[in-house]
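Counting from 1, the numbers follow the sequence of the chain as shown.
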Amino acid sequence: VAIDLLVPRMMEDALSDLLAGLGLSRYAPIFEEEAITEVALLKSIGSTTFVSSMAELSMDEYAAEALRAKLFGAEAPRSAPSVRPGLLGEESDDE
């Protein structure tokens, strides 16, 4: 009798579609490696520890917040500013 313990489980379409819809498909291989192959498994992590748990899987904070918002209905994260003050053409006090 063969044992299939080392055969990775394929990700369910719902989770794959969820990641793709958020532009997070690049994390699919990491989830599969960690045996997170179903939306229910991802939701079982819980909302309160979700972002820190995703950080352990090398997911950036913005991506983790976006995924948490989609899974748990939390308010979507604000996008990072494209330009930070003081970087483009503003004079500094050092001159």
Side-chain angles (χ1 to χ4, degrees):
V1 174
I3 298 176
D4 293 332
L5 295 177
L6 298 178
V7 176
R9 292 181 54 189
M10 296 301 296
M11 182 173 290
E12 72 175 4
D13 290 343
L15 181 52
S16 181
D17 292 347
L18 174 66
L19 294 174
L22 294 170
L24 302 177
S25 294
R26 66 188 175 275
Y27 294 107
I30 295 169
F31 284 3
E32 287 180 333
E33 184 177 305
E34 295 294 324
I36 302 171
T37 56
E38 301 173 9
V39 173
L41 290 172
L42 197 56
K43 286 182 111 175
S44 73
I45 294 168
S47 179
T48 56
T49 60
F50 191 81
V51 174
S52 61
S53 295
M54 293 299 99
E56 291 177 18
L57 299 179
S58 301
M59 181 179 280
D60 67 76
E61 185 176 352
Y62 182 80
E65 284 288 353
L67 185 54
R68 183 181 64 82
K70 189 70 172 177
L71 288 170
F72 300 103
E75 184 177 304
R78 294 179 299 166
S79 60
S82 56
V83 177
R84 288 188 275 172
L87 294 180
L88 294 178
E90 292 183 12
E91 293 183 22
S92 70
D93 295 334
D94 297 337
E95 294 178 15

Problem set entry | Derivation and outcome, side-chain contact (heavy atoms from CB on, under 4.5 Å), residues Leu71 and Ile45 | CA-CA 11 Å; Leu71 288 170; Ile45 294 168; over 6 Å; no

Exercise. Leu24 and Val51: same hydrophobic cluster, using ILVMFWY side-chain contacts below 4.5 Å?
Worked result: no

For this session: Could you go through the side-chain contact (heavy atoms from CB on, under 4.5 Å) check for Leu67 and Met59 one step at a time?
Result: CA-CA 10 Å; Leu67 185 54; Met59 181 179 280; 4.1 Å; yes

Problem set entry | Residues, nucleotides or ligands: over 12 heavy atoms within 6.0 Å of Glu61 CD | no

For this session: With rounding to the nearest 0.5 Å, note down the distance linking CD in Glu34 to CG in Leu42.
Result: 12.0 Å

Exercise. From Glu38 CD over to Leu15 CG, what is the distance, rounded to the nearest 0.5 angstrom?
Worked result: 9.0 Å

Problem set entry | Polar side-chain atom of Ser53 near backbone of Thr49 as donor-acceptor pair, under 3.5 Å | yes

Problem set entry | Student check: side-chain heavy atoms of Met11 and Leu19 closer than 4.5 Å | yes

Seminar exercise, completed: Tightest non-hydrogen contact, residues Ser47 and Arg68, listed as O-CD, 3.4 Å

Problem set entry | Heavy-atom closest contact (Ser25 atom, Ala20 atom, distance) | OG-CA, 3.2 Å

Exercise. What is the minimum heavy-atom distance between Phe72 and Lys43, and which atoms define it?
Worked result: CZ-O, 3.5 Å

For this session: Would you please test Asp60 and Met54 for side-chain contact (heavy atoms from CB on, under 4.5 Å) and show each step?
Result: CA-CA 8 Å; Asp60 67 76; Met54 293 299 99; over 6 Å; no

Seminar exercise, completed: Nearest heavy-atom approach of Met10 to Thr37 is O-CB, 3.7 Å

Problem set entry | Minimum heavy-atom distance between Ser58 and Tyr27, given as atom pair plus value | O-CE2, 3.8 Å

Exercise. Does Ser44 use its side chain to pair, donor to acceptor, with the backbone of Leu41 at less than 3.5 Å?
Worked result: yes

